[in-house]
Amino acid sequence: MLRLDCMKKTVLRLRVLWIILWGVLSCFSTVAVCASVKTIRTTFPAAETGFDPVRVTDVYSNTVNEAIFERLLTYDYLARPARLTPMTAEAMPEITDDGKTYTFKIRPGIRFYPDPAFGGKPRELIAADYIYSFKRMFDPATRSQWTFMIEGKIIGLDALAEAAQKTGAFDYDTDVEGLKALDRYTLQIRLREPDYNFSYIVAHTPFAAVAREVVEKYGENTMAHPVGTGPYILKQWTRGTRIILEKNPEYRGMVWDFAANEEGDEELIRTMQGKRLPLIDRVEISIIEEEQSAWLAFKRNELDFNGVGSFRAEVFDGKSELKPEWRAQNVKAIRAIDPELTYMFFNFRDPTVGGFEKEKLALRRAIIMAYDREEEINVIRKGQAILATMPIPVGVVGHDSRYKPLNTYNPALANKLLDAFSFKKGKDGFRTMPDGSPLLLKYASGTTTLERQFNELRKKSMDVIGVRIEFQPGKFADHIKAAKACQLQMWSSGWVADYPDGDNFMQLLYGGNIGQSNNACYNSKAFDAFYEAARKLPDSPERNHLFLEMTRQMEVDGAWALGVSRERNMLIRPWVLGFKKHPILNATWLYLDIDPEKAP
C-alpha cells in the first residue's frame with residue numbers, strides 16, 4: 001500500500017512537472033511570437049471618413065490610403081527640400097512634346113492584395129489600372145473632390161466627363177486620347193498644354209492605382225474595402241475609434257537606402273541602411289480627439305510617438321531642452337515647421353459676410369484685423385507656431401519672406417473701419433448691419449477642449465469690435481460636407497502641402513475649384529486671372545510675382561484670415577528607429593523599425 005502511494009505521488013509529480021514545463025515552453029513560444037510582431041501605436045486627432053483615395057479629402061483617411069495604395073511617383077524619404085522619386089514606375093517619366101507628354105514605365109510583378117474581387121488571388125498592376133483610376137476622378141458617381149487637379153488638362157478626359165453629365169452614366173470603356181496604355185506596362189499621358197507640376201500631381205495619394213474589379217464588386221462600400229498594392233492592408237476598422245493595418249504579404253518590399261541631406265541623417269542611415277522594408281508588421285491607430293487623452297496615453301506608454309501640443313511646459317526646460325524625466329526615458333524630441341498653414345475663411349455666398357460690396361469687404365477685413373494671432377501662438381499653441389504672412393507657407397516654392405501682409409492685428413483700425421461703413425453700435429454695445437438688421441456671425445466649431453479655447457479667443461476678439469458671434473459645434477466630416485456645399489458662414493481650416501509648390505495653396509482660392517478645394521466659395525475675376533496666368537509658367541520670378549499679386553488681391557477682398565504655420569514638436573519613444581518627419585509624406589511607417597530590446 002505504501003509503495004502504491006509512492007508510485008501515485010511520483011506519477012503526480014511527473015504530471016505537475018510536465019504541466020509546468022509545457023507552460024514554460026508555451027510562454028516562451030508566445031513571447032517569441034509577440035516579439036516578432038513589430039507594432040507602431042499612434043493616434044489621429046479627428047475621425048477618418050473612409051479609404052477610397054478618389055473620394056476622401058481629409059488628411060487622416062488619406063494617411064491610411066497612402067500606406068495601402070501606390071502612386072506612380074513618391075518622395076525620397078530623406079531629401080530636403082522634398083524630391084520626387086519613382087514608386088510603381090521604373091524611373092522618372094520621359095517628358096516630351098515640349099512638356100505635354102508624360103510616359104511612365106510601370107515595374108512588372110507588382111501585385112494587388114488577394115481579394116474576392118480577383119477570385120481570392122493576387123492580380124498584377126498594369127498601365128490600364130492608372131487609366132481607370134484617372135477616369136474615376138470624373139465619374140459623377142464617385143463625387144471626387146480632387147477633380148480640380150487634372151480638370152482641363154488631359155486631352156479628351158473632360159469631354160468624357162461632359163458626356164457622363166448628360167447621360168448619367170460614365171463610360172469607362174471609351175478611349176481617351178490623352179490616356180493610353182502603349183503596352184501592358186507603359187502609360188502615356190498627353191496634356192492639352194504644359195503643366196510643370198504634373199509630376200507632383202501623380203505623386204499625390206488620390207491618384208493612386210485602384211482596381212476596376214474591386215470598385216465594381218463593392219460599389220458604394222469601397223470606402224470600407226481598400227485593396228491596393230502598397231505595403232499595408234486594412235485589417236480592422238471601427239469607425240471613428242480604431243484602425244489596424246497589417247503588413248501586406250504580397251508587397252514586393254524595398255531596401256532602406258537613402259542619402260544624408262541634413263544634420264542627424266547619418267544616425268538614421270547607420271541604424272537603417274540596407275534593411276529590407278517593411279519591418280513594421282502592424283500599425284494600430286486610435287482616434288483620440290481630446291489632446292489631453294492622447295497625451296496621457298503617451299505617458300502611459302500606450303503610444304510610440306505623440307505631439308507635445310499644449311503640454312510644452314511638461315516637456316521642455318526653457319526653449320528646447322528636454323526635462324530630466326524625459327531624458328531619463330531616452331525619449332527623443334523632433335521639431336519641424338510644417339509646409340502648411342491654418343486659415344479662417346468666409347463664405348462668399350453668405351448674405352451676412354459674403355459678396356464684394358464695399359461694406360462686406362470692410363466687415364471681413366475688420367474681423368480679420370480684430371483677431372490676435374500672437375495670443376493664439378503664445379497662449380493656446382504654447383509658442384509652437386509662426387505667423388503666416390501669405391497663402392504660400394515657408395518651405396514651399398513661391399513663398400516670399402519679404403512680403404508684408406495687409407490685414408495685420410489692429411483692433412483700433414478695425415473699429416474705425418466698421419464705423420466708416422455704418423455698422424453702428426446699439427445700446428448693448430453690439431453692432432448692426434448698415435441697414436439696421438442684426439449682425440451675427442455664425443462660426444462652425446469642433447467640440448474639443450482645444451476648440452473651446454480657440455472660441456474663447458475668437459469671442460474676446462469680436463467683443464473688442466462689438467460684433468456678436470455664436471459657435472455651431474459639429475463633427476469635422478459634417479463641416480467638410482457643408483463647406484463643399486457653400487453652407488458654412490465661417491470656419492477655420494488647415495492645408496498641408498500635397499506637393500511643395502505654391503500652386504497647391506493658391507488653388508484653394510481659385511473660383512474654378514468651388515465645391516472642391518475652394519471652401520470659401522471665393523470667386524474673384526482678378527484673382528482667377530492671375531492664377532490662370534501663373535499655371536502656364538514654370539517656377540520663375542514672373543510666376544512668383546503673380547503669386548504676390550494673388551496674395552494682395554485675396555487680402556484686399558478679405559477672403560481669408562491667415563493663421564499660422566505650426567511647429568511640430570513630437571516625442572519619439574527610444575525603441576522607434578528610422579523616424580524623420582517628412583514635409584509631404586504622412587504614412588512613413590514603411591521606413592521605420594522597432595528595437596525589440598528597448599520596446600516594452
Side-chain angles (χ1 to χ4, degrees), residues 49-58 61-62 65 69 71-72 100-102 104 117 125-182 187-193 195 198 201-202 204-228 480-487 498 507 510-519 521 523 528 532 535:
T49 54
F51 309 113
D52 185 338
V54 168
R55 297 172 63 188
V56 299
T57 59
D58 65 283
S61 299
N62 266 330
N65 286 335
F69 298 94
R71 292 82 64 204
L72 290 159
K100 291 189 289 187
T101 300
Y102 285 69
F104 296 88
L125 173 73
I126 56 176
D129 292 312
Y130 283 104
I131 292 176
Y132 172 75
S133 301
F134 274 63
K135 286 180 176 179
R136 275 194 82 212
M137 286 279 178
F138 287 83
D139 187 343
T142 64
R143 301 177 297 279
S144 179
Q145 302 296 318
W146 297 104
T147 309
F148 70 91
M149 283 193 163
I150 55 173
E151 200 167 32
K153 295 184 178 181
I154 298 175
I155 297 173
L157 189 52
D158 292 82
L160 190 60
E162 289 168 9
Q165 292 290 347
K166 295 176 182 176
T167 63
F170 192 91
D171 187 357
Y172 283 98
D173 295 316
T174 296
D175 287 339
V176 172
E177 184 180 349
L179 288 171
K180 297 289 185 183
L182 302 184
L187 172 66
Q188 184 187 79
I189 303 175
R190 294 176 59 206
L191 307 178
R192 293 168 62 183
E193 57 186 30
D195 183 347
F198 194 74
I201 289 172
V202 300
H204 189 30
T205 302
F207 296 89
V210 176
R212 183 171 182 171
E213 301 96 313
V214 173
V215 176
E216 291 179 348
K217 178 175 178 59
Y218 297 111
E220 282 298 307
N221 291 323
T222 54
M223 296 283 253
H225 294 276
V227 181
I480 283 282
K481 185 177 180 180
K484 302 300 179 191
C486 302
Q487 293 174 347
D498 299 316
Q507 55 85 15
Y510 177 54
N513 294 337
I514 292 173
Q516 298 184 79
S517 60
N518 182 350
N519 292 335
C521 303
N523 194 6
D528 289 355
E532 288 165 3
R535 284 177 64 178

Identify the residue among Tyr130, Phe134, Tyr102 that makes a side-chain contact (heavy atoms from CB on, under 4.5 Å) with Val202. Phe134
From OG1 (Thr174) to CG (Leu157), nearest 0.5 Å: 11.5 Å
Check side chain to side chain contact (heavy atoms under 4.5 Å, CB included) between His225 and all other residues, then give those that pass, not counting sequence neighbours. Tyr218, Asn221
For Glu151, what residues pass the side chain to side chain contact (heavy atoms under 4.5 Å, CB included) criterion, not counting sequence neighbours? Phe138, Thr147, Asp158, Gln516
Between Thr142 and Asp139, is there a donor-acceptor pair closer than 3.5 Å when you use the side chain of the first and the backbone of the second? yes
Pair Ser517, Gln507 - check side chain to side chain donor-acceptor pair (under 3.5 Å), show working. CA-CA 7 Å; Ser517 60; Gln507 55 85 15; 2.5 Å; yes
How long is the gap from CG on Asp195 to CE on Met149, to the nearest 0.5 Å? 10.5 Å
Do Ile189 and Thr101 have side chains that get closer than 4.5 Å, going by heavy atoms? no
Value rounded to 0.5 Å, distance of CG in Asn519 from CD in Gln487: 12.0 Å
Give, for atom CD1 of Ile154 and atom NZ of Lys100, the distance between the pair rounded to the nearest 0.5 Å. 14.5 Å
Between the side chain of Ser144 and the main-chain N/O of Val54, is any donor-acceptor distance below 3.5 Å? yes
Please check if the distance between the ring centroids of Tyr172 and Phe170 is under 6.0 Å. yes
Could you give the distance from OG1 (Thr49) to CD1 (Ile480), rounded to the nearest 0.5 Å? 8.5 Å
Between Arg212 and Asp173, is there a side-chain N and carboxylate O pair less than 4.0 Å apart? yes
Any side-chain heavy atom of Tyr510 within less than 4.5 Å of one from Arg535? yes
Heavy atoms of Pro53 and Thr205 approach each other most closely as CB-O, 3.6 Å
